[in-house]
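First comes the structure, then the notes that go with it.
All values derive from a computational prediction rather than experimental measurement.
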Amino acid sequence: MPNIPAPTLRLPLPPGGLSLAHTLDCGQAFCWHEESPGVWRGWIADAAARCHIDNRTPHPHLAVECLAGDITDARARHYFGLDDDLDSIVATFPADRWMRHASAHCRGLRLLRQSPWEALAIFICSAVKQVAHIQQIDAALRARFGEPTPAGHRFPTIAAIASAPESQLRAAGLGFRAPNLRQAARQLIDGDADLDAIGRAPDQEALVQLQELAGVGPKIANCVLLFGYARWRAFPVDTWIDRALRHLYYPRKRRLSPEFLRTEARDYFGPYAGLAQQYLFHWLRKVGREHLPPRQSRPRRSP
DNA sequence: TCCCAGGACCGAT
DNA sequence: ATCGGTCATGGG
């Protein structure tokens with residue numbers, strides 16, 4: 001069988017543009033890495049891909065080289081959210097000082113359309129982990145449990161994780177998250193939870209059902225809703241957003257309950273609160289740390 | 001080296 | 001309802 005050269009898709013960039021660096025390295029997906037300057041290697045669903053922005057032509061475009069599996073024009077457009085009117089969406093963000101910083105820094109950062117299962121699984125693994133290590137876990141899960149292709153391993157199926165021995169999951173670096181990921185997969189296999197049904201449920205009901213899964217609390221449920229189901233109002237409150245809300249947005253309020261931060265704050269950021277949250281998160285981590293006070297670490301018990 | 005990381009969960013107030 | 005302790009593993 002002849003070796004057919006990999007087809008390369010060329011997608012014109014929509015208004016609002018697309019930044020691969022911001023979109024693929026902002027902590028919403030963990031299966032991409034910068035292979036060489038400006039060239040990103042990763043996965044669009046079950047297809048391996050290599051992407052870069054080509055500015056040479058009169059009309060700049062996104063070049064997507066398919067390395068394994070099938071990527072159609074429509075699938076790539078959908079994955080990168082190229083049909084979202086980014087300018088109009090960013091225009092709905094509150095025009096406060098911090099969002100202006102974040103929006104200026106995150107130009108071209110789009111919401112990816114990841115699969116619900118992949119978002120669920122990787123964010124269960126994300127608990128109390130640095131972004132760099134979540135990427136490592138993604139790679140380890142693929143290598144150990146994912147179907148091989150000529151260009152690497154796909155993300156493991158629900159069944160593959162459900163039947164994986166806990167010891168092998170721990171060997172992938174999951175630590176105490178291993179039993180959670182395995183049990184969540186089993187709950188889905190057994191029909192105790194249904195990702196399609198969650199996709200049909202309104203936000204609040206979807207959050208409740210997601211939190212019935214092992215290892216999924218309020219923060220991860222919101223991540224799955226936002227990144228796996230493209231529910232723009234979902235508002236994950238992690239340690240970064242928590243500090244930003246307390247110190248930058250509500251600096252003089254004494255007691256801020258987690259519930260307040262998840263609901264009142266979410267309403268403040270508007271109909272696309274989830275993307276606003278991601279802009280804040282990415283900006284804070286990359287250039288805005290100086291605006292936050294140092295984390296308060298709990299004093300260690302004396303021996 | 002040693003502190004800490006895109007939390008969830010459990011039990012004691 | 002809120003608070004503290006605990007859960008593994010590796011990056012910086």
Let me spell it out: for each of A/A214 and A/R285, pick the nucleotide of DNA chain B with the closest heavy atom. Which residue's pick is nearer the 5' end?
A/R285
So, A/R10 and A/H61: side-chain donor and acceptor under 3.5 Å apart, yes or no?
yes
Are side-chain N/O atoms of A/D84 and A/Y272 paired as donor and acceptor at under 3.5 Å?
no
So, does A/E34 use its side chain to make a donor-acceptor pair with the main chain of A/G38 at under 3.5 Å?
yes
What is the distance, to the nearest angstrom, from the CG atom on A/L181 to the C1' atom on C/dA8?
15 Å
N/O (side chain, A/R170) to phosphate O (OP1/OP2, C/dA8) under 4.0 Å
yes
Whole-Å gap separating C1' (B/dA8) and NZ (A/K129):
15 Å
Interatomic distance at P, C/dG5 relative to B/dG6, whole Å:
22 Å
Just checking A/V216: base, sugar-phosphate only, or nothing, at a heavy-atom cut-off of under 4.0 Å?
sugar-phosphate
Interatomic distance at C1', B/dC4 relative to C/dC7, whole Å
15 Å
Using whole Å, what does the distance between atom P of nucleotide B/dA8 and atom CD of A/Q183 come to?
15 Å
Figure out the CD/P separation between A/Q277 and B/dG6, and round it to whole Å.
13 Å
With the side chain of A/F176 defined as its heavy atoms from C-beta on, choose the nearest nucleotide among C/dC7, C/dT2, C/dG10.
C/dC7
A/H247/A/W98 aromatic ring centres below 6.0 Å:
no
Side chain of A/Q278, base of B/dG6: donor and acceptor closer than 3.5 Å?
yes
Looking only at side-chain atoms of A/F227, point me to the closest of C/dA8, B/dG7, B/dG6.
B/dG6
Which of these nucleotides, B/dG6, B/dA5, C/dG12, is closest to any side-chain atom of A/F123?
B/dG6
Step through the shown structure and confirm whether more than 12 heavy atoms of other residues, nucleotides or ligands are within 6.0 Å of CZ on A/R107.
no
Measure from the side chain of A/P218, starting at C-beta and using heavy atoms only, and say which of B/dG7, C/dG11, B/dA8 lies closest.
B/dA8
Can you tell me how far P of B/dG6 sits from CD1 of A/I137, to the nearest Å?
12 Å
Candidate nucleotides B/dG6, B/dG7, C/dG11, ranked by approach to the side chain of A/I220 - the nearest
B/dG7
Residue whose nearest DNA chain B nucleotide is more 5′ - A/Q211 or A/F281
A/F281
So what does A/E259 hit on the nucleic acid, given a heavy-atom distance under 4.0 Å: a base, only sugar-phosphate, or nothing?
nothing
Note: contacts of residues 239-249 of chain A with DNA chain B (heavy atom, under 4.0 Å) are A/T239, A/W240, A/I241
Can a donor-acceptor pair be found, under 3.5 Å and without considering hydrogens, that links the side chain of A/Q209 to the backbone of A/A193?
no
Over all strands shown, is A/G215 touching base, sugar-phosphate only, or nothing at heavy-atom distances under 4.0 angstrom?
sugar-phosphate
I need the CD-C1' distance between A/Q130 and B/dC2, as an integer number of Å.
13 Å
Testing A/R154, A/H153, A/R142 one by one against A/E147 for a side-chain hydrogen bond (donor to acceptor under 3.5 Å, both in side chains), which residue passes?
A/R154
Taking only the side-chain heavy atoms of A/K219 (C-beta and beyond), determine which of C/dG12, B/dG6, C/dA8 contains the nearest atom.
B/dG6
Take the protein atom CZ of A/R177 and the nucleotide atom P of B/dC9, then report the distance between them rounded to whole Å.
13 Å
If you check the A/Q136 side chain, which of C/dT9, B/dG6, C/dG10 turns out closest?
C/dG10
Can you establish whether the number of heavy atoms outside A/D54 located under 6.0 Å from its atom CG is more than 12?
yes
I need the CH2-P distance between A/W283 and B/dG6, as an integer number of Å.
17 Å
Suppose we call two aromatic rings close when their centres sit under 6.0 Å apart. Are A/F269 and A/Y249 close by that rule?
yes
